[in-house]
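Have a look at the structure below before the remarks.
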Amino acid sequence: MSIYDTLNKEQKEAVFQTEGPVLILAGAGSGKTRVITHRIAYLMDECGVNPWNILAITFTNKAAGEMRERVDRLIGFGSESIWISTFHSMCVRMLRRYSDRIGYENSFTIYDTDDQKQLMKDVYKKLGIDTGDIAPRAVLSAISSAKNELISPAQYKEQNGSDYRNRVIGDAYEEYQRMLKANNAMDFDDLLMMTVILFQNDDAVLKNYQERFHYIMVDEYQDTNSAQFELIRLLSAGRHNLCVVGDDDQSIYKFRGANIRNILDFEKLYPDAKVVKLEQNYRSTGNVLDAANAVIANNTNRKPKKLWCDQGRGNKLHFRRFNTGPEEASFIAQDIERRIRQDGSLSYRDFAVLYRTNAQSRLLEEKLLFLSIPYDLIGGTNFYERREIRDILSYLKTIDNGVDDLAVRRILNVPKRGIGQTTIDRVQAFADEGGISFYDALKRIGDIPSAGRAKAKIEEFTSLIEGLRIRAAGSSLKDLIDGIVTATDYEAFLKDTYEEDSADRIANIGELVNKAVSYEEGVFEEAGDERGGVSLLTGFLEEVALIADIDQVGDSDDRVLLMTLHSAKGLEFRNVYMAGMEEGLFPSQMSIDAPDDEGVEEERRLAYVGITRAREDLTLTYAMSRMVHGEVRYSPVSRFLLEIPEELLDESIRITSGGYADEQPYSSRSSGYRKEGDYDDYDFGHKYSSPYAEQAPVKKDNRLKAVYVKPHTAEEKKPFIARSMAKNGVNAGLSGLSKGQPSPKQKPDYTEGDRVRHVKFGDGTVRLLEDTPRDYKVTVEFDEAGQKVMYAAFAKLEKIDG
DNA sequence: TAGTTGGGTTTTTTT
DNA sequence: AACCCAACTA
């Protein structure tokens, strides 16, 4: 009995073929990760390969961590010496060691999207390009594509015609790259391209890595771009032991340069490649797979394959149509609540709601919060993109690497020090003339003639930084961050800049400190880690830069997950909702408008990814109308829904399909168990209008603006709420509501740390009490039910002793 | 220099 | 609806 006995025939073939190029075409849920981990185990266990000689590349840090863990469980030794990482972190690791050989300092910083935008603004200013002429984002995206194709600024200029647009982009690319280097910074695309350049220019370095990595494995190969392809090709050129795993049907990252040809042409590049197809699915039931197969069959350019399973038909897929987005979201929230109530084996973590665009998450969040359903939102505004976090990180960057002009300029007047644009421009001009960094120019403020009044303020700033630098040398990251916050009186700054949610923001900084502490602990644990002498601070900043949204998800929390279809790749859930199944949204209008059908085919692959996330149960929802950019948009049912054979669905689409959904009266659709009028927007706790409404000033755009409708008093609300409750049927999920209407915003009589009792969840401890515009948001750690976030007015928590 | 206001633009997806 | 920017005022 060996660990390999549990593999099926094809999986074994893939595991045992250790030599030469191997292409594993792994359908969704076909046990791909099992194959990779068993293959690594087999190499080490049976073939005597040193773990040090194995490289495995995954798509996300989360996947990397899981893979290491699973290898460990299989063989129990040596997994820590295998290189398992993402493309980007692998490149950083190599560049930290050798980037001085291509003209960067090894302490380079990493620029994220926001930094890129900022830098591009400077480029525009310097070259005198008009933002109205060519959108900066268009230039950045052209540069990104160029880098993904390994095209240098010089090559770009050479290859592209001399028409105005191309010339501007070429010049901007050149200047952008020059400024990056001056700031000792690389953007995400540079990490890949510079590593390739390093390999191309320095044979010794390449040889070194070729000799180190005897066996290379690449996961999600269908999403590699040309730079990644070249990287892998170079690395594996010595021994050709390259095993790539992927599924051309799940290629969904064309917009960031992924080249589907990499996987489709693998056999052309390596004629001796062994090809293994994994088509047996271990994840989903028959109906789900049939739907996935039927949808993806509409794509033309693909390697034919068909998923199958021996798990029986399972439930039919559910289709639900709604008039508006809020109704759709209400339904999903209630449906989750209902299922959990009816099936004791289900808990929140068994549910995921997937959507095409991040903007769709807002409504869902609102409705889940309303029903006190705990959830986690993946993506959207990343934690590290929040203003307060970026400020603190900029302080850290400035302390760590004074050459990063962007970081210095960001914090120079944050909190306000009375240093204005004029001063900044003068300092910048001085820096440009002398060819020195912005920070060094600040330190020589005495040499800048016209800087009279600002001089004292700037000296204050630089001595602040110098002081923190001294502090950084000996202290922990936590102490350093605390030091920054204290020295700048940052909390006071937050409090008077953001009256509304300053508490949230202060809490975020606390969260950053937590992350710093756990990073530090991690570094001390893995003393063997070859960080190449990089300082604690540099290491932390680097990890922060490369973190992906999905990496944050732990499986310890019992929460519903909300995320985009893109983020969901690689995950699985017992119950999946796909929301917003509408033409123009999914597939996106852009892909529909494109002259060829490649865009729509990519969207269809995204649909395939979404469908195959479901293990047992899949619900597809459609909203006839939806608010987009502040106006109502009506859309027909998504073509992807129509591609699902009708007999797989529990409710017919066709009655109202084939055109705009409002072509037929709403009441003519088939009924199912749902009655007309169900799932209305429950959102009457705030912002609804009625004859009772009064006029009052209201905030719009976060500014005090026009005269608007003021929420009703509790007394006025009563008839409305009674009607609404009768119509919708109050259920246990609305426990707080069923006892009456929510009271107007009122500070609860409990506070953080207090013990409280909830009618449904029992006793618990208040962890967090936040003041939000509508109501107090309270986070409670329940003894039995775990942690929940809810609105105080609805939760009806009762303070108890002990 | 800082704060306010009006107008124009925007989002598809992410390492 | 939310964000960004430029112009204006104090």
Side-chain angles (χ1 to χ4, degrees), chain A residues 57-64 85-92 110-113 116-118 121 131-132 135-138 141 144 147-148 186-192 220 223-225 227-228 251-258 325 354-363 378-382 384-385 387 413 415-424 453-454 457 496-497 545-551 563-569 580 584-594 599 602-603 605-607 609-610 626-632 687 699-706:
Chain A
I57 300 174
T58 60
F59 205 64
T60 63
N61 295 301
K62 183 171 190 267
S85 73
T86 64
F87 269 106
H88 292 267
S89 33
M90 174 182 83
C91 289
V92 171
I110 301 166
Y111 275 6
D112 64 19
T113 322
Q116 290 179 280
K117 258 169 47 192
Q118 215 60 41
K121 256 193 242 164
T131 34
R137 24 170 290 119
S141 111
S144 174
K147 287 182 176 178
N148 288 330
M186 298 196 196
D187 65 20
F188 285 131
D189 302 312
D190 277 338
L191 296 177
L192 303 172
E220 307 283 9
D223 285 322
T224 52
N225 60 34
Q228 291 164 328
S251 169
I252 55 173
Y253 281 106
K254 184 160 177 238
F255 70 91
R256 71 172 196 216
L354 312 181
Y355 38 80
R356 180 67 238 273
T357 65
N358 280 307
Q360 290 167 260
S361 68
R362 194 165 289 172
L363 285 173
I378 319 298
T381 350
N382 190 310
Y384 295 100
E385 287 165 14
R387 192 150 297 157
N413 199 30
K416 299 250 176 316
R417 297 188 176 88
I419 301 171
Q421 196 54 47
T422 333
T423 312
I424 293 178
R453 259 191 308 144
K457 295 168 185 164
D496 58 54
T497 319
L546 294 179
I547 218 150
D549 294 321
I550 201 71
D551 296 338
M563 68 186 110
T564 61
L565 288 152
H566 281 88
S567 297
K569 191 165 69 147
L585 182 61
F586 187 34
S588 71
Q589 197 56 48
M590 277 209 188
S591 67
I592 295 172
D593 294 341
E602 175 141 322
E603 301 269 317
R605 291 192 289 270
L606 198 52
V609 168
R626 188 180 291 281
M627 280 286 243
V628 179
H629 291 165
E631 55 187 30
V632 181
K687 70 165 184 193
K699 275 196 175 178
K700 207 184 158 190
D701 218 24
N702 216 12
R703 301 178 200 172
L704 206 53
K705 266 252 168 103

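All values reported here derive from a predicted model rather than from experimental measurement. A, B, ... follow the sequence lines: proteins, then strands. Residue 1 opens every chain.
Here A:Lys117 lies out of heavy-atom contact (under 4.0 Å) with every strand. Here A:Tyr253 lies in heavy-atom contact (under 4.0 Å) with sugar-phosphate atoms only. Counting any heavy atom pair closer than 4.0 Å across all strands shown, A:Ser567 reaches sugar-phosphate atoms only and no base atom.
Residues that satisfy the side-chain hydrogen bond (donor to acceptor under 3.5 Å, both in side chains) test with A:Gln228, not counting sequence neighbours, are absent from this structure. A:Tyr111 is linked by a side-chain hydrogen bond (donor to acceptor under 3.5 Å, both in side chains) to A:Asn183, A:Asp404, counting only residues two or more places apart in sequence or in another chain. In this structure A:Thr86 satisfies the side-chain hydrogen bond (donor to acceptor under 3.5 Å, both in side chains) test together with A:Ser89, sequence neighbours excluded. A:Ser144 meets the side-chain hydrogen bond (donor to acceptor under 3.5 Å, both in side chains) test with A:Asp189; sequence neighbours excluded.
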Interface polar pairs with nucleotides 9-12 of chain B, N/O, under 3.5 angstrom:
unit_1, atom_1, unit_2, atom_2, d
B:dT11, OP2, A:Arg137, NE, 3.4
B:dT11, OP2, A:Arg137, NH1, 3.1
B:dT12, O2, A:Arg356, NH1, 2.1
B:dT12, O2, A:Arg356, NH2, 2.1

Could you go through nucleotides 1-3 of chain B and list every protein N or O atom that sits under 3.5 Å from one of its N or O atoms, giving the distance for each pair?
unit_1, atom_1, unit_2, atom_2, d
B:dT1, OP1, A:Gly420, N, 3.2
B:dT1, OP1, A:Thr422, OG1, 3.4
B:dT1, OP2, A:Thr422, OG1, 3.2

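Using bins of under 30°, 30° to 60° and over 60° for the plane-to-plane angle, the ring pair A:His566/A:Phe255 lands in the perpendicular bin.
Taking the P atoms as reference points, C:dC4 lies 15 Å from B:dT13, given to the whole Å.
For A:Arg362, a side-chain nitrogen or oxygen approaches OP1 or OP2 of C:dA2 to under 4.0 Å.
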